[in-house]
Amino acid sequence: MTLLENPPEASAPDKPVKAHWFRLLLADPAAFVSALILLLVAFVAVFGTRLAGASATKGDLSLSRLAPFSLDHGWQYVLGGDLLGRSLLGRLMVATQTTMSVVVPVVLISLVIGASAGMWAGYHRGWRETVAMRIADVILSFPSLLMAVVVLYIFSPSIASIIAILAITRIPVYLRTARAESAELQTRLFVDAARTFGTPSGAIIRRHIFPIVLPTLLTVATVDFCYVMLAESSLSFLGIGVQPPDVSWGLMVAQGRDQLRTQWWLSVLPGLAIVITTVSANLLASWVRIATDPGQRWRLTAPRRRRRAARPTVLETT
Amino acid sequence: MLTFLRRRTLTSLPPLLAVVLGVFVLARLTGDPAALYLPENATAQAREQFSAAHGFDQPIWSQLIDYLAQVARLDFGTSLRTGEPAAVMALRAFPATLQLAVVTMLLACAVATAVGCWAALRPNGLADRVSSLMSVTAASVPDFWLAILGIWVFSIMLGVLPTSGVDAGGLSWVLPIAVLMLRPAGVLTQVVRGAMIAALGSPYVKVARSKGAGEGRVVARHALKNAAPPALTVAGDLAVGLINGAVVVESIFGWPGIGKLMIDSILQRDFAVLQAAVAVTAISIFVLNIAIDLGYALLDSRVRQKVGAAA
Amino acid sequence: ATGCSVANSNPGTAATGGGTPLRVVLPQEPPTLEPCEASLTATGVVVRSNITEPLLERNPTSGALEPKLATEWTQTQPTLWTFKLRTGVKFSDGSDFTSEDAVAAIERSANNTALACNVQGYVFGDSGKLTLAAPDASTVTVQTEEPDPLLPLRVSFVEMTKSDISTTEKVREPIGTGPYKIETWTAGQKLTLTSWDGYWGSKPAYPKAEYQWREEGTVRAAMVVNGEADLATNLGADDGAGDTGVQFPNNETTALRFTTDQAPLNDIRVRQAIDMSIDRDGIITSLFGGIGRPASQLIGPGVVGYNESLTPTAYDLAAAKKLVDQARADGVKVDTPFRIIGRTAQFPKIAESIELIQSALTQIGLTAKIEMLDTSAQIKYQLQPFPEDAGPVALMIMHGNQAGDAAFTVGQYFATDGAQSSSGTPQLDKQIKAAGAQTGDARQQAFADVFASENTDIRGFAFLANMGAVLGLAKNVSYTPDAATGDELRLADVKPKS
Amino acid sequence: MTTIGMEVSELTVELTTPRGQVRAVDGVSFTAYRGRTLALLGESGCGKSMTAQAVAGLLEPIASVTAGSIQVDGEDLLKVSRKRRRQLAGPALSIVFQDALAALNPVLKVGTQLAEPYRIHQRMPAKQARAKAIELMRHVGIPEPESRVDAYPHQFSGGMRQRLLIAMAVALSPKVLIADEPTTALDVTVQAQILALLARLRAEHDMAVVLITHDLAVVAEEADSVAVMYAGRIVETGPVDEVFEDPRHPYTRGLLDSVPVSAERGADLSSIPGAPPDLFSIPPGCPYQARCPLVRDVCRAERPPLKTRAGRTVACHVADGTAR
Amino acid sequence: MTDSPLLEVQGLSKSFHVPKGPNGNDRLRALDGVDLTLRKGETLGLVGESGCGKSTLARTLMLLERPDQGTVRFGGVDPFALRKSELLRWRRRVQMVFQDPYASLNPRLTTAQIIAEPWHTHRDLFRTSRERAARVRELLDLVGLRPGDADRYPQEFSGGQRQRIGIARALALGAEVVICDEPVSALDLSVQAQVLNLLNELQRALSVSYLFISHDLSVVRHVADRVAVMYLGRIVETGATKEIFENPRHPYTKALLSAAPSLRRADRENKQKILLKGELPSPLDPPSGCRFRTRCWQATDLCAETPPTSADPVSPGHTAECHHPLDARVSAAR
Ligand SMILES: Nc1ncnc2c1ncn2[C@@H]1O[C@H](COP(=O)(O)OP(=O)(O)OP(=O)(O)O)[C@@H](O)[C@H]1O
Ligand SMILES: Nc1ncnc2c1ncn2[C@@H]1O[C@H](COP(=O)(O)OP(=O)(O)OP(=O)(O)O)[C@@H](O)[C@H]1O
Ligand SMILES: [Mg+2]
Ligand SMILES: [Mg+2]
């Protein structure tokens, strides 16, 4: 039925629907809560180290393995203490910064490189496409752990190296998505129309392909966000991830796994942080996908009860 | 069909070669294995002897040429660690990984299909929301964590499953597969759901209904087959991940697979084994990709035509 | 979490002797069972005294050498040792064990540089070439270049193999004289040994033994708890062995080893300050779960040369800070950052321990950066020659003296030319050499002095702990672990509990 | 004497949309006689397909029938159980869709799809159903059906696909066939073929055909009677010749006038100003008021009912003389 | 209307590489030697069945495809030989209106952005954003949209309104020739009339030339001065509109005319429908000789052997590519 694609032939002529982002966000409670959580995460990532205070870095061995949910030792210890007697809450806050400073750059770098290469390859087709896809194949079938060990061997293990490795291994994901979409988009009539004005290919990609590919890429990126966090924790599991005294959620989960049976909170709480953050990111991403699409935005302004009937977006995942 | 296979194989060769060469070069950048394999107070002379014996003293390109010549004779060298032929070790470990990957993917697909279809039949309903949330969560749990938790709960607390190993019959498969399956199942569920919603809304489904087809027939015969291709792509990528990277689960459960072999040989600088293992997985990944293309063709005659025509 | 029922295909009724195998779970699969690699933990723990046997054997508790395939040994000349072999010993393929086999085995392990056996490096590294002879079928003579009082101890590391064993390649599945022989080895999964009927000694309690390997300590512990294994080695305190866990001291000692020639580690006060900022008791109780003892030297008690009078440095941040300040006042560049390098997963909680030390160092005004490396990368810093641009490094090391004699420690770590030494003085070198020539009590005293002087004059090390380990032991199995258990697990000593 | 194939009365379909509840089909009534063609004529969005889907029971979840009845063969399709409804889909009533490529399942062989009605309703074994499929293909004029029965939809041209869809619809000789713009996507030469085919099948199966289209010329050539729809309502009905000869409703007249029949090159066509009203802002009174040249006050206030006068049915205050 | 051809196309051929068809051919000849002229201020109607190559011709003229053979002259210059700035200048003179008003407008841009898009490339046309905004308003007014529509997205418009946006965009650079590829076939009858009227008005006001592609004969008859009938990649008949419609000489043209349903009863009764056999043959595997022979009721052996040419006009300004052109008088009598 055409209506879905072209919703209310909105000839509600004289009131162009000005979408206020905030109102749109409020319209989707799940997304709203997710946004709040992500804001909190972002806030903690920026100010967490300062907020956490000394108890996050300086341990008190007498508080080693302190059980959570008690305020006896001050609010810092409400989530208990780690092996060195540091406050787990503080550690989580500090770890937020490291985690985000790994995950966000990885996602951004691989997104930017992968997406540009993919759009370029998909737009031009031909040999460029073949080469780009074969390179993606190579990266994908390459054992990423080998790459990790090599990079960490050649360069000393640092956050920058971890970012580099993870970014390289994630590039194909965006490359393939962007290529597929842009290969399809370049056959669209409005791209042809732009060509008839003599618009150079770079400008077409920027103006016509990119904005349409972006929401898909964002969806992929949020899914990837989760993947990168997990990959980082796997690196930590193998001892080649974030190095102490830096701490990331992944490292906390990895280090705490031995205590799972005795001090469960050491790995469960950081694990929860990963899960909650990724779930929020996913929920917010599906909201963004709808909100940035002028053709779908109306869904969010719809009364709640009714929305169920409207066909939901297709979540594409990789 | 044959021409398609031939062409795919030919176009797959350069990347395959690139992977093998890449591994060769990268591995050698991680340093000389002499320190690992010789006693701590071995003399400099002994070290040189060792390097010379294994050719590590040659410039990398000449090592490479020798290696390629070797590989052309299907000789992947011998393991520094065990003295066994590297190819034998890789081929011995691979089936374990493959079995695990295949069973995991099959189950993940089955779960994803069931849950995804169910959710798609009532989009935005309660079932849909719950399953969406669960699938996102499933896809974001660290696997090693889950593995250890699983051992704790199912082996020790409940005592219903063996902790690890491969020799407790079917039961020893349960935990590794459950752990490995979670992420693929979560991701696939979302894909299947999306594709099914699209398929169920399409005109041909209406036509099927207009012929008096019941819900079961509509889903099973009409929608599912159309929803399969996107799921197939994603399943392929996930399978590649399993073949190449079940390291964590393999090492926790003592599953003698290729992921573990690979990481061990990286850490032990056992280059020959590493190269052989990478070659085996890379080949299997290329085979998998071809299989997926053929799968498309099987599902969709439009693709079949292209595949048939591609010469 | 014990006493649970078990859903396993071969339930935990195990090991009552009658044909059920003894199931052992190790951290890693032996790469090969090559006997001359027996000082490699993964190999040795399976091979030694189970599949192959040495001529003589050191009692890990008493330290005394005891006869095994040799019944007696004497220093017939200052540079000549004569070994009398036990008669009637057969290899598991049925052939007789003769002096020719013994000569070939020692020759192969000690003199064969092409094979580069591990034993050669560890045990015979600093002794010259040996000249071997077999005057008759049950006598072996060993001629050394210089008088070597330790030769029998060294020979106790050589596992006896058949004379027709390859001298150019390492063997994967050897034939030995031990109580067990290899039945099947499904690489990656399982290694099964069966007892060898023609064994010269008494028959072991278990007719069969199965080895499996799991990397994760928690999994190994869980297997014992769950009744899937009878013995699990190398557990940590937190691995959850519960009441199946048996704690025992192993012969490993952990320490920080300093590069003494670069600022800020080139000043002894700085090194002493670091030593003082290690909260040994805290680490042992909080991180190691109480397993281990604060260390005062690089070896544990029971090793010849152990100095009883040395005590672990007390934890005193204030004093440490004062020392650093003094050094700073004297122009030492104490602000120069240095690295603390550790090997990933070398012992349980290594990362946390280093982290704790690092944070203490920050408090006394030093700047240390942590680097956890994989074995191959870490070993560059452990073995001479070190990487050129390494800079100042405090390396976390773990040393295990398997031989029970300090000579095997100090030569390596204290001598200026020691393979793993990053400090030392000519004076100490002389002292070490002199001590090595001593025997008996004099030897004990001389080495004890070496440790004392290193401590006061050089302080190239800050010792952490004499480590201990946990052995997972199923309830129906009896076994008493000793210091050597991690390196040599004698299956014959394991008995079913009645 | 003609028998009634289907009688639709006061059919109302409401849509639950984000902007509220709207009526997409508002009290539509018509009767289709067997052996005859009734054309449902109207511009895009006026509710033709919605009507068809409501009749065929294929409305999307967002739409629902809120009033009316659909009588086929003595049964009210809106009252019967779901199961009965499914049983009737095919033998009693079937539908042909506009976009033949989208309406054929791309991954199933056409033979399988053609055989489906027999498999579902008559539980015919696969082999026999396949034979029937071949027969059907021959029936609608597809050459070499034996070899093409195993082909896939994309291997057929547009016209052939439309034939396949029609074949599927007439498989069980339905009493009523709804054809929703069956030729809109086709070329004139092919359109002529398809329309001829439909006419032939109508006669052979004695079906009541409801032909939905926006093409006046097609209506003129093919239909016996016509119902003109505007904004979800029927504004005029009657025998085609009469309606086209002498349109009563200003909308019908406007449509007929905008066809560039033989208007001279360069001369402006007479066109209806503006666009059909948005479903959400249909004014009270006559929905056509905003575009109507004859609009009166009463048109703004009162909705004109569909009245029969002098053998012609029309919903217009002006035409039925209520307003002058 | 002057007589000098503004656009001249000769022997234009274009083939596509496609998956092998049943007969093993993988070159699809979409255009196979097309000749065409368009004079200043004139509207040339191009009719033909789906897949006969109309859009390919339009796209080739817009330089979206590169022809295999043949020449295109626009005001005497070959656009394919032009380099950057010259090419840009040429682009301004020729613009296109697309068939599908839904697909040819980027859904993420507003009306104003869509109309102003060409100026991003042709920067020198309007330098300030104020100028641009003013011009957008003018254009909106020209095509009958309200100034308030400038900030709305395409989906908020009806098909007819979208097509107006498309037309405004085509005029944004001040084109002399507008190629209209089925501009009204996606539109409703009542709206179609509005758009046709608009195109007419614009032609009068701006004296642009149209190449007007359509499959709807009644529309072509209404808008075109001359008509070219295309069949399987070739122009089979050209002539003045009246000539073509009243006196078709090619059997295909005649069949096409007769197949079109007609509203007027008089026409219907007069006409005897010619139901062509089969459908358009695949351009992958065109018939030998005359391409229409497989569906032609007059075909002879000659038709299968020699391709007919249109070298000699059947009457002045009227060419038909047929071995057996229909008798002029007989068809005139109809
Ligand atoms: N899924 C839907 N959601 C909301 N509105 C819808 C939906 N489907 C159709 N509509 C609206 O219902 C009205 C009737 O639509 P319908 O498809 O019946 O029109 P139509 O006359 O068949 O048009 P066309 O000629 O374009 O097929 C239209 O205004 C349309 O916008
Ligand atoms: N990019 C392409 N690749 C392959 N074949 C093409 C391509 N573009 C067009 N064709 C083929 O060329 C032929 C002519 O196509 P074209 O689009 O020009 O036809 P048309 O007359 O415009 O048809 P319609 O009326 O359907 O728009 C068709 O058979 C079409 O399938
Ligand atoms: Mg419709
Ligand atoms: Mg076209």
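Lettering follows sequence order; numbering is per chain, from 1.
- Of all residues in residues 82-96 of chain B, those placing a non-hydrogen atom less than 4.5 angstrom from a non-hydrogen atom of chain C are B:Thr82, B:Glu84, B:Arg92.
- Closest non-hydrogen pair, C:Gly188 versus B:Pro256, comes out as O-CB, 3.3 Å.
- For the atom pair CG of C:Asp374 and CZ of B:Arg269, the computed distance is 4.5 Å after rounding to the nearest 0.5 Å.
- Interface residue C:Lys190: only side-chain heavy atoms are found under 4.5 Å from chain B.
- Rounded to the nearest 0.5 Å, atoms OG (B:Ser164) and CE (C:Met223) are 4.0 Å apart.
- Within the 3.5 Å criterion, the main-chain N or O of B:Ile252 finds no donor-acceptor partner in the side chain of C:Glu215.
- By the salt bridge (Lys or Arg N to Asp or Glu O under 4.0 Å) test, C:Arg214 is found to be paired with no residue, residues two or more places apart in sequence or in another chain being considered.
- C:Asn226 and B:Leu161 make their closest contact through ND2-O, 3.5 Å (heavy atoms, listed as atom of the first residue, atom of the second, distance).
- Between C:Thr375 and B:Leu267 the shortest side-chain heavy-atom distance does not fall below 4.5 Å.
- Partners of C:Glu252 according to the salt bridge (Lys or Arg N to Asp or Glu O under 4.0 Å) rule, which considers only residues two or more places apart in sequence or in another chain, do not exist here.
- Only the side chain of C:Thr218 comes within less than 4.5 Å of a heavy atom in chain B; its backbone stays farther off.
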Please report, to 0.1 Å, the donor-acceptor pairs under 3.5 Å made by any side chain of residues 270-278 of chain B, with sequence neighbours excluded.
{"unit_1": "B:Asp270", "atom_1": "OD1", "unit_2": "B:Leu80", "atom_2": "N", "d": "2.8"}
{"unit_1": "B:Asp270", "atom_1": "OD2", "unit_2": "B:Ser79", "atom_2": "OG", "d": "2.6"}
{"unit_1": "B:Asp270", "atom_1": "OD2", "unit_2": "B:Arg81", "atom_2": "N", "d": "3.4"}
{"unit_1": "B:Gln275", "atom_1": "OE1", "unit_2": "B:Arg28", "atom_2": "NH1", "d": "2.8"}
{"unit_1": "B:Gln275", "atom_1": "NE2", "unit_2": "B:Tyr67", "atom_2": "OH", "d": "3.3"}

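- With a threshold of 4.5 angstrom between heavy atoms, C:Gln212 approaches chain B through side-chain atoms but not through N, CA, C or O.
- For chain B, the option among C:Lys170, C:Gln28, C:Arg172, C:Glu169 with the highest count of heavy-atom pairs below 4.5 Å is C:Arg172.
- In terms of non-hydrogen atom pairs under 4.5 Å with chain C, the most contact-rich of B:Ser172, B:Ser251, B:Ala147 is B:Ser251.
- Within the 4.5 angstrom heavy-atom criterion, only backbone atoms of C:Glu29 (N, CA, C, O) approach chain B.
- Contacts between B:Phe144 and chain C at a heavy-atom distance below 4.5 Å are absent for every atom of the residue.
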